[in-house]
Amino acid sequence: MRLRFAPSPTGYLHIGSARTALYNWLLARSAGGTFILRIEDTDRSRSTEEAILAIMEDLRWLGLDWDEGPDVGGPYGPYRQTERMDIYRRAAEGLLEEGKAYRCGCRTGEKCRCREGRPSEGPQAIRFRVEEGETAFDDAIMGPISFDNSSIEDFVLLRSDGTATYHLAVVVDDVSMAVTHVIRGADHISNTPKQILLYRALGKEPPVFAHMPLTVGSDGKPLSKRHGDVALSRYRELGFLPEAMINYFALLGWSLDDSTTIMDRRTLLANFSLDRVSRNPGNWDMNKLTWMNGQHIMRLDGDDLAARLEPFMVGAGLMSSGDRDSMKLLERAVPLIRERIKLLSEAPALLAFLFREVSPETSSLELIKGEAPLRVLEEAERRLASLEPFAAPLIEEALRGMAAEMGMKPRDAFQPLRLAVTGSRVSPPLFESMELVGKERCLKRIRRVRDLARELG
RNA sequence: GGCGCAUUAGUCUAGUUGGCCUAGGACGCCGCCCUCUCAAGGCGGAGAUCGCGGGUUCGAAUCCCGCAUGCGCUACCA
């Protein structure tokens, strides 16, 4: 079984394309087949080298590895269409000789007699001769589909400048690369009969075609920039995990059963099959993706999560790359936030108080106004000062005891302390946070806010 | 216009050969519980006459026909 992903490098990797890549990869890998990366850069004016690199990086990030491709080579190369132009030309000329194609120099849309062997003047393109009849195929996802050939025009194979069109290039490539299964977007359904005709003209059997439903925006329209982010790389920047992206992609148009939602790569590989792919277009739902990302974050083990968080902490200026002490602190803090973040990018804001000094957010100053908060701050400072070791369970014991003795509700007693230690009314759990901040810094922050509370009256 | 494909709650879907579906799960939404904040978690709730209209059948989300809507293709773009 040989499958390929064939992006055209005209820009970033689109999330829709990434999903197509995933389905191809899943089928190839789950069947022990071969996965090929082929670059469709026949549109020279729009294709760039940077885009090729970016697409490969995105695929690697998702964990979709390929056995053959432009960078790793392979027995069926080259894997870039611009390097295969002579192959296409030979194929077109072969068809010409067999009378299955003809030269035509007419402008598009113009009715012409070239088909009958009376080519017009000017630069000549090579057109495929579509014979009468019906072209049908059994789509692995959509089921049986058929077209009357009268609805298919004689399409161009080779442009008058000698370059191949998409139809010629894909078919020739898929034939010469021995591709057995083509999974692609449903927007290609109408292209399929042309390509099947080409396969037959070349004396080859068409591969298995599987057209997957398109991904659309929340309004049901094709996904575009105005729906939000469509570049896969943006999702990495936003703090999404590749595990979550893959899980979400997989479930957007496929299901394992009636209830399994969170799945890892292994489960996907063990269960993926074309016959459980849905036929309806799927709406891209950021909400669900984000929830799913949170689920995958919770399932990561601590050191792994810390490592993935590092670039975001560095980016926020909270630590420098590779700093051992900071990493240790981060690793200790991970259990406090793993259930509190849905995106990796949310961590810096939640953990900033561990890495730099803080002052209470101005919008929460009312928490320390009045007599009770002031007494809490004073009393907590006293009790914590003598605490040894400065560990969360002991801190909790001390502070709960304090609240009880003072006749205060835990909430009322702890919120002023939270504001003092973390600078915010929302934070990771207080006692554990205090332990990580450390005794000295904790006391310093409490004293400072105690003084502030006195000023506020 | 022609051709093709699709159509289960706001969203993703289960439903493979018609009866166990008084349509299951998940996101989101609402409420309660837990609780040091925020989350996470637990429990419960609202939300779908299975696009519409005809058939076939004792019985249809599941089969047939028509219609509507959406999307795709109809390029010397991919």
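Letters A, B, ... mirror the listed sequences (proteins, then strands); counts begin at 1.
- A:R276 has no side-chain polar atom (N or O) that falls below the 4.0 Å cut-off from OP1 or OP2 of B:rU16.
- A sub-4.0 Å separation between OP1 or OP2 of B:rG4 and a side-chain N or O of A:S146 is absent.
- Of the listed nucleotides (B:rA39, B:rA78, B:rC73), B:rA78 has the atom at the smallest distance from the side chain of A:R159.
- Remark: A:N191 is not in phosphate contact with B:rC73, judged by side-chain N or O atoms under 4.0 Å from OP1 or OP2.
- Residue A:F155 is classed as having no contact, given no heavy-atom separation below 4.0 Å to the nucleic acid.
- Between A:R425 and the choices A:E366, A:Q415, A:E361, the side chain to side chain donor-acceptor pair (under 3.5 Å) rule is met once, by A:E366.
- Going from the C1' atom of B:rU17 to that of B:rU22 covers 24 Å, rounded to whole Å.
- Using Watson-Crick or G-U wobble geometry with both donor-acceptor distances under 3.5 Å, B:rU57 finds no partner in any strand shown.
- No hydrogens or angles considered: a donor-acceptor pair under 3.5 Å links the side chains of A:H227 and A:D219.
- For A:I341 and B:rC38, the CD1 to P distance is 18 Å, given to the nearest whole Å.
- The distance from atom CD1 of A:I189 to atom P of B:rC3 is 17 Å, rounded to the nearest whole Å.
- Remark: side-chain polar atoms of A:R356 are not paired, donor with acceptor, to backbone N or O of A:A352 under 3.5 angstrom.
- A:F249 and A:L22 get closest at one heavy-atom pair: CB-CD2, 3.5 Å.
- A:S190 comes within 4.0 angstrom of a nucleotide base, judged by non-hydrogen atoms across all strands.
- Pair assignment for B:rC32 gives B:rG42, based on Watson-Crick or G-U wobble hydrogen-bonding distances that are each under 3.5 Å.
- Nearest to the side chain of A:K194, among B:rU74, B:rU37, B:rC27, sits B:rU74.
- With hydrogens and angles left out, the side chain of A:T261 and the base of B:rG25 share no donor-acceptor pair within 3.5 Å.
- In this structure, B:rU17 forms no base pair with any nucleotide, since neither Watson-Crick nor G-U wobble geometry is met with both distances under 3.5 Å.
- Here the nucleotide nearest the side chain of A:S259, chosen from B:rA6, B:rG25, B:rC12, is B:rG25.
- Summarising the base pairing, B:rC5 is matched to B:rG70 through a Watson-Crick or G-U wobble pair whose two defining distances lie under 3.5 Å.
- Listed candidates were B:rA78, B:rU11, B:rU37. Nearest to the side chain of A:H167 is B:rA78.
- Distance from the side chain of A:V426 is smallest for B:rC38 among the nucleotides B:rG72, B:rC38, B:rC36.
- In this structure, CZ of A:F137 is placed 12 Å from P of B:rG4, rounded to the nearest angstrom.
- Look at A:S427 and you won't find any side-chain N or O under 4.0 angstrom from OP1 or OP2 of B:rC38.
- A salt bridge links A:E243 and A:R308; the closest N-O separation between the charged side-chain nitrogens and carboxylate oxygens is under 4.0 Å.
- Atom CE of A:M292 and atom C1' of B:rC12 are 8 Å apart (whole Å).
- Using a 4.0 Å heavy-atom cutoff across all strands shown, A:Q81 reaches no nucleic acid atom at all.
- Checking the phosphate oxygens (OP1, OP2) of B:rU13, no side-chain nitrogen or oxygen of A:K288 falls inside 4.0 Å.
- Between A:K221 and B:rG70 there is no side-chain N or O to OP1 or OP2 distance below 4.0 Å.
- A:Q195 has no side-chain polar atom (N or O) that falls below the 4.0 Å cut-off from OP1 or OP2 of B:rA78.
- Donor-acceptor pairing under 3.5 Å, judged by distance alone, is present between the side chain of A:R418 and the base of B:rC36.
- Comparing B:rA40, B:rC38, B:rA14 by their nearest atom to the side chain of A:S255 picks out B:rA14.
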